[in-house]
Every structure is written in C-alpha cells, then in structure tokens.
S.K.: 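This is the structure I have questions about; it appears just below.
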Amino acid sequence: MHTRRIGDTEVSAIGLGGMPMSIEGRPEEARSLATVHAALDAGVTLIDTADAYHRDAGEVGHNETLIAKALARHALGAQILVATKGGHLRPGDGSWTLDGSPKHIKEACEASLRRLGVEAIGLYQFHRPDPRIPYAESVGAVRELLDEGKIRMAGISNANPEQIRQANEILGGRLVSVQNQFSPAFRSSEPELRLCDELGIAFLPWSPLGGISRARKLGSAYAPFARVAEAHRVTPQQVCLAWMLAKSPAVVPIPGASRPETIRDSAASADLKLTDEEIAELDSV
C-alpha cells in the first residue's frame, strides 16, 4: 500500500470510512468486524469514525466501540490511526443535529477517549460548523484538547476555505486535515482541496464514491469512469479513487465499507496508475 501523510503520521493512501457499519441498514457485527480486518490485511492504516455514527438514540458511539473492538482483535490494531469526530448528534429518528458548543465538544472527546480505549485520540475532527456557535469557539475547544494532550492531531470537517484558514490560525498552524464531501457527483469542494494542497494539509474526501446508495452505480452514472475501468480491467470505483489520488498528494480518500470485498477493492486503487489523458477525461465529466 502506498502511503501519504497526515500531520507527522504516515498513513495508507486509502483509508476506511466506518459509518456504513453503524447507521441504518448496517450489517451484523461479525461482518463489520471482518470488514475492518480485511482493511488492515490490505494495508489500510487509517480508519475514520465519529461518535454520531450510530442508528438509535441510546447507542452514541456505536461505530467507535465497533472499531475499537475490531482493532483489539487484530495483530496490527495498535498501528492504526483512528480519526474520530465530535459536534454532530443523532436523536434516533434518522435526523442529524448539531452541537458545536465548547462544552459539548470537550465532553464528546472525553467519551470518545473512553470508547476507543486510548489515552490520546490520534486525530480528532470538529464534525460540522454549528450556525448557533461562533466557529472560533468550536475550534478553540479543539485547540484546548490539543494543548491538553487529549488528542494528538486536530482536523475539521465540512469546512469552506475561510474556515480552513481560520481554524489553522486558531490552532497555531497545527491543522492537519480537512474532511469534506468530494466525488464525481459532488465537486464543489475543489477550492478546499486546492487550498489544502497549498497549505500542506491532508484532504480527506468523504463519500468519495458518491455515498452508500450510489457507489455501486458509479460506472453506469459516469461513462468515462466505466471506460477507463474496462481498459485497466478494474472496477469504476477503483478508477474513481485513483483519480482522486492523482489530484494531489494531500488527498487521502476514506471510502465507506461494510463488506470485506468492498474495502479490498478500494484498497487496490492505491496501486492503479492512470495516464494524463485518462485523468483529463475524468476531470471533464
């Protein structure tokens, strides 16, 4: 597996997004554990989770607990960078709500520390701006967690260029990652990607294949990805991830998965080399 960097840490060029293993439509636990283990066996060393990745109201942190359980049962578990997030909530009715207050972020981090069973979280990310709370206050809470040693690295998610610059300033130049939605269907994060490349900050595309319901239809929805995939005898999903990796060394896609075969396919994209002509064709979609 080729590698990239998040802050001072070398990680696999392809990460694993844990959300599909814990929200609506999730599989049984045994398959989820097998999926995490398949990722590690394929060379994945970055797993992204969040306290809000759960289905029912009484199971906050379901995915964090699941990831911790899977890592504890694998020989490589201690070598994995686990990135989690705080600031989102799920009441249990299928909706997503926000709480970016410093009090909530600090309490959420403490709870994540307990669920993950670590003394310091590898990468902690403010999940999404809360319009009721000044952004500086939310990021300021993350800075305090960083200064206190409760988190090793700090990131933000769902941020615009102004917020990226502001967060990096508040963190004293210690912002290491930005996690935004980016896929063939959602390209409005290109400015954030370019800014991260300029600043040397990792850019982590979430839903890089279009999301849980659309990922398997990527090839039929975007013919150029299917054509390039046929030429290389790989899947359109592999082509999509390789295309993202070619955009910048700052990019580390985190495709979600809930099946071992899915994450194995995604991990293989790190070895796929596209030609300049193919990249240009995919960029034009």
Side-chain angles (χ1 to χ4, degrees), residues 1 3-4 6 9-56 58-86 88 90 108-125 127 150-153 155 157 177 179 204-209 211-212 215 237 241 252-270:
M1 171 73 76
T3 61
R4 301 208 159 176
I6 297 179
T9 303
E10 189 174 283
V11 299
S12 54
I14 299 294
L16 167 65
M19 188 177 75
M21 293 181 271
S22 290
I23 64 168
E24 292 80 356
R26 67 193 185 198
E28 68 282 2
E29 183 178 279
R31 196 178 89 189
S32 292
L33 294 175
T35 299
V36 177
H37 290 175
L40 272 57
D41 291 340
V44 171
T45 61
L46 169 66
I47 298 179
D48 180 78
T49 182
D51 61 355
Y53 291 168
H54 63 91
R55 183 186 63 197
D56 304 323
E59 56 175 23
V60 175
H62 179 279
N63 196 246
E64 291 177 323
T65 302
L66 177 70
I67 297 302
K69 185 175 184 178
L71 295 182
R73 296 183 177 185
H74 196 283
L76 300 176
Q79 303 174 30
I80 305 306
L81 174 63
V82 176
T84 192
K85 300 180 286 294
H88 244 320
R90 300 206 74 199
C109 180
E110 293 286 357
S112 292
L113 280 165
R114 291 191 295 271
R115 285 188 289 265
L116 293 172
V118 295
E119 294 184 1
I121 293 171
L123 172 58
Y124 194 73
Q125 306 154 100
H127 205 152
K150 293 181 179 178
I151 64 176
R152 281 204 313 108
M153 296 186 290
S157 184
S177 67
Q179 183 179 147
L204 315 180
W206 62 263
S207 288
L209 303 177
I212 296 173
Q237 290 76 16
L241 296 174
V252 184
I254 46 172
S258 63
R259 298 175 182 273
E261 56 269 28
T262 304
I263 189 56
R264 290 191 195 105
D265 185 78
S266 292
S269 65

S.K.: Grab the two heavy atoms, one from Ser112 and one from Tyr124, that are nearest each other, plus how far apart they are.
M.R.: OG-CE1, 4.4 Å
S.K.: CG/Asp56 to CD/Glu24 distance, rounded to the nearest 0.5 angstrom?
M.R.: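 Between Asp56 CG and Glu24 CD, I get 8.0 Å after rounding to 0.5 Å.
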S.K.: If we ignore hydrogens and angles and just use 3.5 Å, is the side chain of Arg264 paired with the main-chain N or O of Ala42 as donor and acceptor?
M.R.: no
S.K.: Using side chain to side chain contact (heavy atoms under 4.5 Å, CB included) as the criterion, point out the one residue from Ile80, Ile47, Asp48 that pairs with Ile67.
M.R.: Ile47
S.K.: Which heavy atom of Ser12 sits nearest to which heavy atom of Gly43, and what is that distance?
M.R.: CB-O, 3.3 Å
S.K.: For His62, enumerate each residue passing the side-chain hydrogen bond (donor to acceptor under 3.5 Å, both in side chains) test, keeping only those at least two apart in sequence or located in another chain.
M.R.: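 side-chain hydrogen bond (donor to acceptor under 3.5 Å, both in side chains) check on His62 returns Ser22.
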S.K.: To the nearest 0.5 Å, how far apart are CZ in Arg90 and CZ in Arg55?
M.R.: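 The CZ atom of Arg55 is 10.0 Å from CZ of Arg90, to the nearest 0.5 Å.
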S.K.: Given Leu16 and Leu40, is the side chain to side chain contact (heavy atoms under 4.5 Å, CB included) satisfied, shown in steps?
M.R.: CA-CA 9 Å; Leu16 167 65; Leu40 272 57; 6.0 Å; no
S.K.: Which heavy atom in Ala270 sits nearest to a heavy atom in Ala13, and how many Å separate them?
M.R.: CB-CB, 4.2 Å
S.K.: Looking at CG of Leu46 and CD1 of Ile6, how far apart are the two atoms once the value is rounded to the nearest 0.5 Å?
M.R.: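 So the CG of Leu46 and the CD1 of Ile6 are separated by 4.5 Å.
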S.K.: Between Asn63 and Thr49, is the side-chain hydrogen bond (donor to acceptor under 3.5 Å, both in side chains) condition met? List the steps.
M.R.: CA-CA 6 Å; Asn63 196 246; Thr49 182; 2.7 Å; yes
S.K.: Hey, are the side chains of Gln125 and Ser177 touching, using non-hydrogen atoms and a 4.5 Å cut-off?
M.R.: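 In short, these two side chains touch, coming nearer than 4.5 Å.
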S.K.: Between Ala38 and Ile263, what is the shortest heavy-atom contact and its length?
M.R.: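 Scanning both residues completely, I find the closest heavy atoms to be CB-CG2, 4.1 Å.
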S.K.: Looking only at heavy atoms, what is the nearest atom pair of Val252 and Gly15, with distance?
M.R.: CG1-N, 4.5 Å
S.K.: Could you check whether atom CD of Glu119 has more than 12 heavy atoms from other residues, nucleotides or ligands sitting under 6.0 Å from it?
M.R.: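 12 or below, so no.
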S.K.: Residues in ring-ring contact (aromatic ring centres under 6.0 Å, His included) with His37, at least two apart?
M.R.: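 So His37 forms a ring-ring contact (aromatic ring centres under 6.0 Å, His included) with His74.
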S.K.: If you round to the nearest 0.5 Å, how far is CZ of Arg115 from CG of Asp51?
M.R.: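 Answer for the CG-CZ pair, Asp51 versus Arg115, is 5.5 Å.
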S.K.: Could you give me the CA-CA distance, side-chain angles and deciding distance for Thr9 and Arg152, then say whether side-chain hydrogen bond (donor to acceptor under 3.5 Å, both in side chains) is met?
M.R.: CA-CA 10 Å; Thr9 303; Arg152 281 204 313 108; 3.3 Å; yes
S.K.: Decide yes or no for Glu64 and Val82: does some side-chain heavy atom of the first lie under 4.5 Å from some side-chain heavy atom of the second?
M.R.: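 Side chain of Glu64 against side chain of Val82, heavy atoms only: no contact under 4.5 Å found.
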S.K.: For Leu76, does its backbone N or O pair with a side-chain atom of Gln79 as donor and acceptor, under 3.5 Å?
M.R.: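 Pair absent, no side-chain N/O of Gln79 close to backbone of Leu76.
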S.K.: Quick one: does Lys150's side chain get under 4.5 Å of Glu110's, heavy atoms only?
M.R.: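 In short, these two side chains touch, coming nearer than 4.5 Å.
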S.K.: Below 4.5 Å, heavy atoms only, C-beta onward: do Leu66 and Leu33 meet side chain to side chain?
M.R.: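 Yes. Closest side-chain heavy atoms under 4.5 Å.
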S.K.: I need the His54 NE2 to Thr65 OG1 distance, nearest 0.5 Å.
M.R.: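 One gets 11.0 Å once the value is rounded to the nearest 0.5 Å.
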S.K.: Would you indicate whether the side-chain heavy atoms of Ile23 and Ile212 approach each other to under 4.5 Å?
M.R.: yes
S.K.: Are the charged groups of Glu59 and Arg26 less than 4.0 angstrom apart, N to O?
M.R.: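 Salt bridge: yes.
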S.K.: Taking side chain as C-beta onward, heavy atoms only, is Gln237 less than 4.5 Å from Ser269?
M.R.: no
S.K.: So, for Leu209 and Ser266, which heavy atoms are closest and what is the spacing to 0.1 Å?
M.R.: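 Closest approach of Leu209 to Ser266: CD1-OG, 4.4 Å.
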S.K.: side-chain hydrogen bond (donor to acceptor under 3.5 Å, both in side chains) with Tyr53: which residues, sequence neighbours excluded?
M.R.: Lys85
S.K.: Do Leu123 and Gln179 come within less than 4.5 Å of each other through their side chains, counting heavy atoms only?
M.R.: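 No. Closest side-chain heavy atoms not under 4.5 Å.
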S.K.: Can you confirm whether Met1 sits close enough to Thr45 that some side-chain heavy atom of one is under 4.5 Å from a side-chain heavy atom of the other?
M.R.: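 Side-chain contact under 4.5 Å: no.
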